[in-house]
Asks: 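Questions regarding the structure given below will be posed in turn.
Only this structure's heavy atoms are used, side chains among them; waters, hydrogens and symmetry mates stay out. Counting starts at 1 for both ligands and their atoms, following the listed order.
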Amino acid sequence: MTAARKIIVTTDPGQDQAVALFVLLALPKDFDILGVVATAGNIGLDKTQRNARQLLELAGRSDVRVYLGSPRPMRRPLVTAEHVHGPNGLDGVDLPEPSMPLQAQSGIDFIVETLLREPPGSVTLVCLSPLTNLGLALEKEPDIASRMAGVVMMAGAYFEVGNITPAAEFNVYVDPEAADLVLRSGAAITMLPLDVTHQMLSTPERLDRFRALGNRCGLATADMLSFSEAFDLKKYGWEGAPLHGPCVPAYMLKPELFVSRRINVTVETDSALTLGMTVADWWRVTDRPRNVAYVRNGDPAGYYDLLVETIARLP
Ligand code: BDR
């Protein structure tokens, strides 16, 4: 049996990320979570740190450490998404105030110190959120890039274009400078963009499967996604809403469910019109370095089977 992969998670939950966290938390033999860094994004940091701790407690994993990241992007004011996720960022469930503590160390120092301490190539960054905290860690200590096992991130879009502007995906738009630093860092990067997450629709039948599990995390999954999908159902007119965040752990667990290609991806950081656009050289028409494994397609049936089976293991 192979050892659990050591991971650091950055997250701004967010209902879809709650489901991603559940998957990571449900499988301690696969994921050794060294820490969760709460990020400002879908909602302010005051709420994402609370939401993260509530979700850990719901999943019975208050042993996992939660750190506070930066309250704002590297160079810009914060843009949030209450219009999707609700005023708490995690509407659809009513969870008790968390009692587990926040760690005193900053999330940025935690990322730097962990990567400098652990053997090179042993820790993977699992980024569900804007890349602010990883960007700040790289700015502080560029050497950490060569010590990471890799970065697996829900970020960007190319064929599906933007969801927060016509050109940009939310996580990259919130902190394009951080995304740019990560993409240029030399770390081994896997990107799960809207091109794949838009294939993973939470149809009523799929939400029913979570509800039918009957455990509290299955019920919370169904309730949370029923809330957050309303905005997307109206926007896209599809049979279900895209379920973004869990694509990251699903890819790490079962890469055979996905199709990717190594290409160059570069972020626009200047243009007012296309700020945060991830320009993906899909046809390899430039000689820019192939810095990303870009995941373009996935198997939605296999994805939902995996999520349901995994969340069934939680309380
Ligand atoms: C991303 O934006 C956020 O609103 C979601 O939580 C996800 O991380 C999708 O673009």
Asks: With heavy-atom distances below 4.0 Å as the criterion, list the atoms of ligand 1 near His85.
Replies: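 Once the distances to His85 are compared, the set is 3 (C), 4 (O), 6 (O).
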Asks: How far is atom 9 (C) of ligand 1 from the closest protein heavy atom, and which atom is that?
Replies: Glu169 OE2, 3.2 Å
Asks: Would you call Arg75 and Asp175 a salt bridge, taking side-chain N to carboxylate O under 4.0 Å as the test?
Replies: no
Asks: Could you find the nearest protein heavy atom to atom 3 (C) of ligand 1 and give me its residue, atom name and distance?
Replies: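 Ranking protein heavy atoms by distance from atom 3 (C) of ligand 1, first comes Asn42 OD1, 3.1 Å.
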Asks: Using a strict 4.0 Å threshold on nitrogen-to-oxygen distance, state whether Asp109 and Lys140 make a salt bridge.
Replies: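 Salt bridge flag = yes for Lys140 with Asp109.
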Asks: With the threshold set at 4.0 Å, does a side-chain nitrogen-carboxylate oxygen contact exist between Asp143 and Arg147?
Replies: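 Judged by the 4.0 Å cut-off on N to carboxylate O distance, Asp143 and Arg147 do not form a salt bridge.
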Asks: Under a 3.5 Å cutoff, is there a donor and acceptor pairing between the side chains of Asn133 and Thr10?
Replies: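 Absent: no donor and acceptor within the cut-off.
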Asks: Taking a cutoff of less than 4.0 Å between a non-hydrogen atom of the residue and any ligand atom, is Gln15 in contact with ligand 1?
Replies: no
Asks: Applying a 4.0 Å heavy-atom criterion (strictly less than), which segment of Asp12 is in contact with ligand 1: side chain, backbone, both, or neither?
Replies: neither
Asks: Short list, please: which atoms of ligand 1 are under 4.0 Å from a heavy atom of His244?
Replies: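 Selected atoms, number and element: 9 (C).
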Asks: Pull out every atom of ligand 1 sitting under 4.0 Å from any heavy atom of Phe170, numbered as shown with elements.
Replies: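 Those atoms are 2 (O), 3 (C), 4 (O), 10 (O).
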Asks: Touching ligand 1 at all, Asp16? Heavy atoms, strictly under 4.0 Å?
Replies: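 Yes, Asp16 has a heavy atom closer than 4.0 Å to ligand 1.
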Asks: Take atom CG of Asp94 as the centre, draw a 6.0 Å sphere, and report whether it contains more than 12 heavy atoms from other residues, nucleotides or ligands.
Replies: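 Atom CG in Asp94 is not packed in, count stays at 12 or less.
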Asks: What is the ring orientation for His244 with His198, classed by angle as parallel under 30°, tilted 30 to 60°, or perpendicular over 60°?
Replies: tilted
Asks: Identify whether the distance between the nearest side-chain nitrogen and carboxylate oxygen of Arg50 and Glu97 falls below 4.0 Å.
Replies: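 Salt bridge present between Arg50 and Glu97.
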Asks: Check each atom of ligand 1 against the heavy atoms of Leu128 and keep those under 4.0 Å away; list them by number with element.
Replies: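 Once the distances to Leu128 are compared, the set is 8 (O).
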